Structures are given as structure tokens and as C-alpha cells.
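Heads up: numbering here begins at 1 and tracks the sequence. Quick caveat, the model's predicted, so the values are computed rather than measured.
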Amino acid sequence: MKTFFLLFFLALIVSVPSVAQQKTKVDTVFFEDFNSKSLDRSKWNVEVTGQTVNDEQQAYVDSTSVLYMVHGKAADGAKKGALVIKPKFLAGYTSKEQKKYDFISGRINTRAKMEFTYGSASARMKISSGEGLWPAFWALGEGKWPDCGEIDMMETVGDGSWISNAMHGPKYFGNTPLTFRYFFPKKSTVNDWHIYSVDWTP
């Protein structure tokens, strides 16, 4: 039985509820509304890496220039506050691995702080669209990918008219039948607030 942890990266504003479900009883095992002055490090890890995947052009950093809280009008519709994960142009940034990047961004996860097997996970998100952006909300198992498993609740690559969902695992990863592209109804885009969810059952 696998346990998964949650990950976010490169999104604009996030306010997150998460619920785990058992047979007939529903318990909230993790909840985060980002209603604080700074990221709660007892719940979240901030990833710092100079080794990227998928040909990403940014380094992930632990900085309030790319990861910060907003409240009131700045939260743009999140009543209790929101987390901003903001990509930023920073020409010539050098990572600790001595690799150079022209962009930095933020990436957070719940690894070893909140992991779950089966249940429901949801995030209310409002995302910027544009060429080069690849925001995502997903759950990842421990171990070597893709054998560890991955559930993508929301990914969007530049085009604000759609998001995709996917599942990856041993012998089924990448562009497999377990992917789905959802197009928003007219007059709605990824730039609006939406709740993205998954129900994971045996």
C-alpha cells in the first residue's frame, strides 16, 4: 500500500483544504488555509534544487521573493489569505550546484509531514497562464519514479483554456490513456479560482 505526499509548484495563488476519507467516516487529516504571516514549516517543505526535470528553466529557491503570503485585497478573493508561488526572472542566478539559471521559482511539498493512503485531496487555486509556465498540484509516492506512482490533480502548460489530469506508475507514464485534458467552459479560464480535487480509493 503506497503513501503519497502533496506537491505544488509555479502556481500564482493557492488556498488549500485537504480531506482523507475512510469507509463511512470522514476525517480531516490535513487542512491549510494559508492564513498566517509565513509558510508553516511544520506542514510544508520548501524544495531547493538546482537539478530540474522536464527541461525546466528555473531553479527552485527558498525565498520570500517567490513564496509569500497575501491577505485582504492582495489575496484577490481568498478571504482568509493565500500563498503566492511566483516565478521570477533573475538573469544569471547560480545554484549551489554551480548551475546557472535565468529564472527562479518556488516548490513546496508535504513529504514526511503529511502522507496518506486513500482519501480526497482538494486545492482552491488561481493560476497565471503564459508561455513557459507549468503550474501543478499533484501527489507523489516515495521511491523511484514512475514505479512510486503519481496522481496529477492539475497541470497546465501555458494555455489558460485547459488543465490536464494524469496518473503515472509502472509501465504507464507520460502520454498514456490515463491522461485527460479538461477544457474550461466559455468565459472561464485557469486564471479564475477553481477547486481541483481527487478521490483516491482502493
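When all heavy atoms of Y68 and S65 are compared, the closest pair comes out as CE2-O, 4.0 Å. Closest approach of P87 and L133 over heavy atoms only: CG-CD2, 3.7 Å.
Counting heavy atoms from C-beta on, the side chains of K37 and H71 never come closer than 4.5 Å. Considering only heavy atoms from C-beta on, M125 stays 4.5 Å or farther from I163 through its side chain. The closest side-chain heavy-atom distance from I104 to Q58 is not below 4.5 Å. Taking the side chain as every heavy atom from C-beta outward, M69 and L39 approach each other to under 4.5 Å. Contact check for L140 versus N109: no side-chain heavy atoms found under the 4.5 Å cut-off. In this structure, M154 and H194 have side chains that are not in contact, with every pair of non-hydrogen atoms separated by 4.5 Å or more. W44 has its side chain within reach of T110: a pair of non-hydrogen atoms, C-beta onward, lies under 4.5 Å apart.
Side chain of K126 to main chain of A75: no donor-acceptor pair is present (N/O by atom type, distance under 3.5 Å, no hydrogens or angles).
A salt bridge does not link D159 with R181: every distance from a Lys NZ or Arg NE/NH1/NH2 to an Asp or Glu carboxylate oxygen is 4.0 Å or more.
Residues E155 and W138 have side chains that never bring a donor and an acceptor to within less than 3.5 angstrom of each other.
Between W162 and F183, the two ring planes are tilted [angle within 30° to 60°].
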